[in-house]
Amino acid sequence: MNSVVRVLIGDDHRIVREGLKQVLGDPANGTPEIAVVAEATQGSEVLEQVTALQGRTGAPGLDLVLLDIAMPGMDGLEVLQALRKAWPALPVLMLSTYPERQYAVRCIQMGAAGYLHKSADPDDMVAAVRKVASGGRYLTEATAQALAGAVERTGVVRAAQQGSPAGVDALSYREHQVFRLLTAGQSVSEIGAQLKLAPNTVSTYRARILEKTGARNDVELALLARGAPAE
C-alpha cells in the first residue's frame with residue numbers, strides 16, 4: 001500500500017461527501033494517511049474523474065473508489081460495472097443507505113470489494129477503506145450473512161424447486177435497476193425516460209419483479225427494499 005491512500009468519492013449529496021472527507025482525513029486515523037483526491041456527483045462524472053486520474057492504462061493515480069449506489073444518471077451499479085471492465089485492478093467500495101441483505105450480494109457479485117452502510121461507525125469506515133485499498137475485501141457481518149443466504153438459496157433454480165419466490169437476488173441486472181427506481185417512488189413513465197425504455201417494457205419488468213420477489217404491489221416492494229416484512 002502507498003504511504004497515502006488516494007480515494008475518489010462518488011456521491012450526489014454534498015453533506016455526505018463532506019462528512020466522509022472529515023472522517024477519512026482525521027489525523028487520529030494514523031498511517032497510512034487517507035486523502036480524498038477527487039469527488040463526483042454523478043455516475044458519468046465518476047468515470048471521467050477516474051479516467052483523468054488513472055488514464056486508460058491504469059496508471060497509479062488512485063487507490064480506491066468509494067461509490068454510492070443511488071447516483072443520478074448512471075446509477076452506482078452501472079458505474080461499478082464500467083469501472084470493473086475498464087480498470088479491473090481498481091477496488092471499489094460501495095456505500096449506501098440500502099440494507100445489506102438487499103443490495104450487498106448484488107454489488108459483490110458485480111465485483112465490488114466491499115459494501116458499507118452510510119450509518120457505519122467512522123472507525124469501521126476507515127478500516128474498510130484501508131482493507132480494500134490494500135487489496136482485501138471488507139464484509140460486515142450483515143453482508144456475510146446476506147452472501148451466505150444467497151449461496152444457500154442457490155438462485156432461481158432452488159427457489160423454483162421449493163415453490164417459493166426467489167427474492168431480490170434472482171433479479172437480472174435490468175430488473176434490479178427497475179426495482180431500485182420503483183422503490184424510490186418513481187413512476188413507470190419516469191423509469192422509462194431514465195433508462196430509455198418504453199413504458200410497456202418497464203411494466204413487463206415490474207411484473208417479473210413482483211413474481212420473483214413475491215411482492216403484491218409497489219408498497220410491498222418498498223418494504224422489501226428497506227428490509228421490512230410485508231404483511
Student: Where do Gly214 and Glu220 come nearest, in terms of heavy atoms and distance?
Tutor: O-OE1, 4.3 Å
Student: Dump the intermediate steps for side-chain contact (heavy atoms from CB on, under 4.5 Å) on Leu77 and Arg180, then the final yes or no.
Tutor: CA-CA 11 Å; Leu77 295 180; Arg180 186 180 66 78; 5.7 Å; no
Student: Looking at Leu221 and Ala215, what are the two nearest heavy atoms and their distance?
Tutor: CD2-CB, 3.6 Å
Student: How long is the span from the CD1 atom in Ile34 to the CE atom in Met125, to the nearest 0.5 Å?
Tutor: 11.5 Å
Student: Rounded to the nearest 0.5 Å, how far apart are CG of Asp63 and CG of Leu8?
Tutor: 11.5 Å
Student: In the structure I gave you, are the side-chain heavy atoms of Leu66 and Leu24 within less than 4.5 Å of one another anywhere?
Tutor: yes
Student: Can a donor-acceptor pair be found between the side chains of Arg174 and Gln177 at a distance below 3.5 Å?
Tutor: yes
Student: Roughly how far, to the nearest 0.5 Å, is the CD atom of Glu78 from the OG atom of Ser44?
Tutor: 10.5 Å
Student: Taking all non-hydrogen atoms of both residues, which atom of Tyr115 and which atom of Thr140 are closest, and how far apart?
Tutor: O-CG2, 4.1 Å
Student: Report yes or no: does Glu39 contribute a side-chain atom to a donor-acceptor pair with the main-chain N or O of Ile9 at less than 3.5 Å?
Tutor: no
Student: Restricting to non-hydrogen atoms, name the atom on Asp12 and the atom on Ala70 that form the minimum distance, rounded to 0.1 Å.
Tutor: OD1-O, 3.5 Å
Student: To the nearest 0.5 Å, how far apart are CG in Leu197 and CD1 in Ile191?
Tutor: 9.5 Å
Student: Ignoring hydrogens and geometry, is there a side-chain-to-backbone donor-acceptor pair from Arg17 to Asp11 under 3.5 Å?
Tutor: yes
Student: So, does Gln49 use its side chain to make a donor-acceptor pair with the main chain of Val46 at under 3.5 Å?
Tutor: no
Student: Decide yes or no for Trp87 and Thr51: does some side-chain heavy atom of the first lie under 4.5 Å from some side-chain heavy atom of the second?
Tutor: yes
Student: Flag the pair Asp26 / Pro122 as yes when at least one side-chain heavy-atom distance between them is below 4.5 Å, and no otherwise.
Tutor: no
Student: I'd like to know if the side chain of Arg216 and the backbone of Leu210 have a donor-acceptor N/O pair within less than 3.5 Å.
Tutor: no
Student: Give, for atom CD of Glu48 and atom CD of Gln42, the distance between the pair rounded to the nearest 0.5 Å.
Tutor: 8.5 Å
Student: Does the side chain of Thr41 come under 3.5 Å of the side chain of Glu45 through a donor N or O and an acceptor N or O?
Tutor: yes
Student: Inspect the contact between Lys21 and Glu18 and indicate whether a charged nitrogen and a carboxylate oxygen are less than 4.0 angstrom apart.
Tutor: yes
Student: One pair to check against side-chain contact (heavy atoms from CB on, under 4.5 Å): Val36 and Leu20. What are the steps and the verdict?
Tutor: CA-CA 9 Å; Val36 176; Leu20 288 170; over 6 Å; no
Student: Could you go through the side-chain contact (heavy atoms from CB on, under 4.5 Å) check for Leu195 and Leu181 one step at a time?
Tutor: CA-CA 10 Å; Leu195 299 181; Leu181 295 174; 4.0 Å; yes
Student: Do you know which two heavy atoms are closest between Glu175 and Tyr205, and how far apart they sit?
Tutor: CG-CD2, 3.6 Å
Student: Do Ile108 and Arg137 come close enough that some side-chain heavy atom pair is under 4.5 Å?
Tutor: yes
Student: Distance from Asn200 atom CG to Arg206 atom CZ, nearest 0.5 Å?
Tutor: 14.0 Å
Student: Run Leu47 and Met74 through side-chain contact (heavy atoms from CB on, under 4.5 Å) and show every step you take.
Tutor: CA-CA 10 Å; Leu47 300 180; Met74 290 179 69; 3.8 Å; yes
Student: Could you tell me whether a side-chain N or O of Arg130 sits under 3.5 Å from a main-chain N or O of Val5, the two making a donor and an acceptor?
Tutor: no
Student: For Ala113 and Gly136, work out which heavy atoms get closest and say how close.
Tutor: CB-O, 4.0 Å
Student: Hey, does the side chain of His117 reach the backbone of Ser119 with a donor-acceptor pair shorter than 3.5 angstrom?
Tutor: yes
Student: Mind checking whether Val50 and Leu90 have side chains closer than 4.5 Å, heavy atoms only?
Tutor: yes
